[in-house]
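Each ligand, and each atom within it, is numbered from 1 in the order the structure gives. Values in this document were obtained by computation on a predicted structure and should not be read as measured data.
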Amino acid sequence: MKTLILVDLQNDFLPGGALAVPDGDAVIPVVNRLQPHFDYVVATQDWHPPDHGSFASSHPGREPFETGQLAGRPQTLWPEHCVQHTDGARFAPGLDTQRIAQVFTKGHDPSVDSYSGFHDNEREFSTGLADWLRQHSVNSVWIAGLATDYCVKATALDALHEGFQTHLIVDACRGIDQPPGHVAATLAELEAAGVKLVHSQDLLP
Ligand code: VGL
Ligand code: ZN
């Protein structure tokens, strides 16, 4: 069974949002066209409490995009984003959500960030995504969404480690790309790790 995993297609990651990914809205029509070609579609949502430790605002004197610390490790400090139940955390209005079989939220625990759709950055808490995929006899996953160099990357690497054949749909993803070249380096790293890089036209008839 083939599953499309939609990563963090939420308002705060779109142009105008709190942590806007450049051109992030361009992926919405692409993923809408792709959805009917999969057995299942699932989605992840970044879902933080208002005092999340990844927010620069939780670290007095620190600014967004500086490197700080969380759980004793270096952590990029982000603008406040995807706060639970706010407009910024909702799915992009243009996203077709009717086929989404299950949503997996992440980033609840204020003391650890959670880029991957599978588990937190400390690998302590699982979202249930791997179990869900196994229960539905899924052996291959295709990943699309935001942001290529953070949550898409972490989700793809975890999918590989969990034993799924893992594809990343390049034109259905966008990244933060700071510094410029970060997305290209991320794609090269993912390909070297075993993620298959594909384009939406390879999947559409
Ligand atoms: C993300 C930074 C912080 C992402 C989420 O969805 O890539 N990036 N939280
Ligand atoms: Zn986040």
(request) Report, as a single number, the protein N, O or S atoms less than 2.8 Å from the Zn ion (ligand 2). (result) 3
(request) May I ask you to check whether H182 and Y150 place their ring centers less than 6.0 Å from one another? (result) yes
(request) For the pair T67 (side chain) and Q75 (backbone), establish whether a donor and an acceptor sit closer than 3.5 Å, ignoring hydrogens and angles. (result) no
Taking a 3.5 Å cut-off between nitrogen or oxygen atoms, can you list every pair linking ligand 1 to the protein, with distances?
from     : atom 1 : to   : atom 2 : distance (Å)
ligand 1 : 6 (O)  : D8   : OD2    : 2.6
ligand 1 : 6 (O)  : L146 : O      : 3.4
ligand 1 : 7 (O)  : A147 : N      : 3.0
ligand 1 : 7 (O)  : C151 : N      : 3.0
ligand 1 : 9 (N)  : D46  : OD2    : 3.0
ligand 1 : 9 (N)  : H81  : NE2    : 3.1

(request) Decide yes or no for V138 and D39: does some side-chain heavy atom of the first lie under 4.5 Å from some side-chain heavy atom of the second? (result) no
(message) Could you tell me if the side chain of H59 sits less than 4.5 Å from the side chain of L77, heavy atoms only?
(response) yes
(request) Taking atom types as modelled, find out whether Q35 and D96 have a side-chain donor-acceptor pair closer than 3.5 angstrom. (result) no
(message) With a 3.5 Å distance limit and no angle check, can you tell me whether D158 reaches the backbone of T155 through a side-chain donor-acceptor pair?
(response) no
(message) Consider side chain to side chain donor-acceptor pair (under 3.5 Å). Of Q10, H81, Q84, which one does D46 pass it with?
(response) H81
(request) Keeping the roles fixed (side chain from S58, backbone from H52), state whether a donor-acceptor pair exists under 3.5 Å. (result) yes
(request) May I ask you to test the T3-F38 pair for a side-chain heavy-atom distance under 4.5 Å? (result) no
